[in-house]
Q: 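Sharing a structure, written as C-alpha cells. Questions coming.
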Amino acid sequence: MSRKAAYQDDLKADILRQTLSLAREGGWPGVSTRKVAERLQTSTTALYHYFGGKDAILAELQREGFRQLRDEQLAALSAHEGQPAEQLK
C-alpha cells in the first residue's frame with residue numbers, strides 16, 4: 001500500500017472515530033462536519049472527499065457496527081461444536 005493510500009485510510013478511520021466521539025459526548029444533533037474537521041485539524045473539504053456529509057458518516061458507522069456484530073456472532077457460533085438445538089438438550 002502506498003503512503004498516500006495508507007494516509008487516506010487513516011484519515012477515513014479518524015473521521016469515523018471523531019464523529020463517534022462527538023456523538024457520545026453530545027448526541028447526534030451535536031455532531032457537525034465542521035466540528036469533526038476541527039478535531040482532526042483539517043478542512044471540511046477533506047471530510048467531503050470521503051463522505052457526502054453527516055448522514056453518510058452515520059451510514060458508514062452503522063455499516064461498521066453491523067459488520068462487527070456479524071463477525072462477533074460468527075465467531076461465537078464457530079466456537080461451539082455441533083448443532084445449536086443439540087446443545088440445548
Q: Got H49 and T45 here, is their nearest side-chain heavy-atom distance under 4.5 Å?
A: no
Q: Given the rule that I, L, V, M, F, W and Y join up when any side-chain heavy atoms are under 4.5 Å apart, are W28 and L16 in one cluster?
A: yes
Q: Using the salt bridge (charged side-chain N to carboxylate O under 4.0 Å, His left out) rule, take K35 and E38 through it: C-alpha gap first, then chi angles, then the decisive distance, then the call.
A: CA-CA 5 Å; K35 287 180 183 178; E38 285 174 1; over 6 Å; no
Q: Kindly compute the distance separating CZ (F51) from CD1 (I15), expressed to the nearest 0.5 Å.
A: 5.5 Å
Q: Could you walk me through whether R39 and E25 pass the salt bridge (charged side-chain N to carboxylate O under 4.0 Å, His left out) check?
A: CA-CA 13 Å; R39 285 215 176 168; E25 291 169 15; 2.5 Å; yes
Q: Is there side-chain contact between R24 and L20, with at least one heavy-atom pair below 4.5 Å?
A: yes
Q: Take K54 and L58 through the side-chain contact (heavy atoms from CB on, under 4.5 Å) test and state the conclusion after the steps.
A: CA-CA 6 Å; K54 178 180 165 178; L58 175 60; 6.0 Å; no
Q: Measuring from atom CZ of R17 to atom CG of D10, what distance do you get when rounded to the nearest 0.5 angstrom?
A: 7.5 Å
Q: Using distance alone, with no hydrogens and no angle criterion, decide if Q68 and E64 have a side-chain donor and acceptor under 3.5 Å apart.
A: yes
Q: Atom CG of L47 and atom CD of Q18: how far apart are they, to the nearest 0.5 Å?
A: 10.5 Å
Q: To the nearest 0.5 Å, what is the distance between CG on L11 and OH on Y50?
A: 4.5 Å
Q: Taking atom CG of L77 and atom CD of Q73, what is their separation to the nearest 0.5 Å?
A: 7.5 Å
Q: With a 4.0 Å cut-off, would you call E72 and R67 a salt bridge?
A: no
Q: Return the OG1 to CG distance between T42 and D14, rounded to the nearest 0.5 Å.
A: 10.5 Å
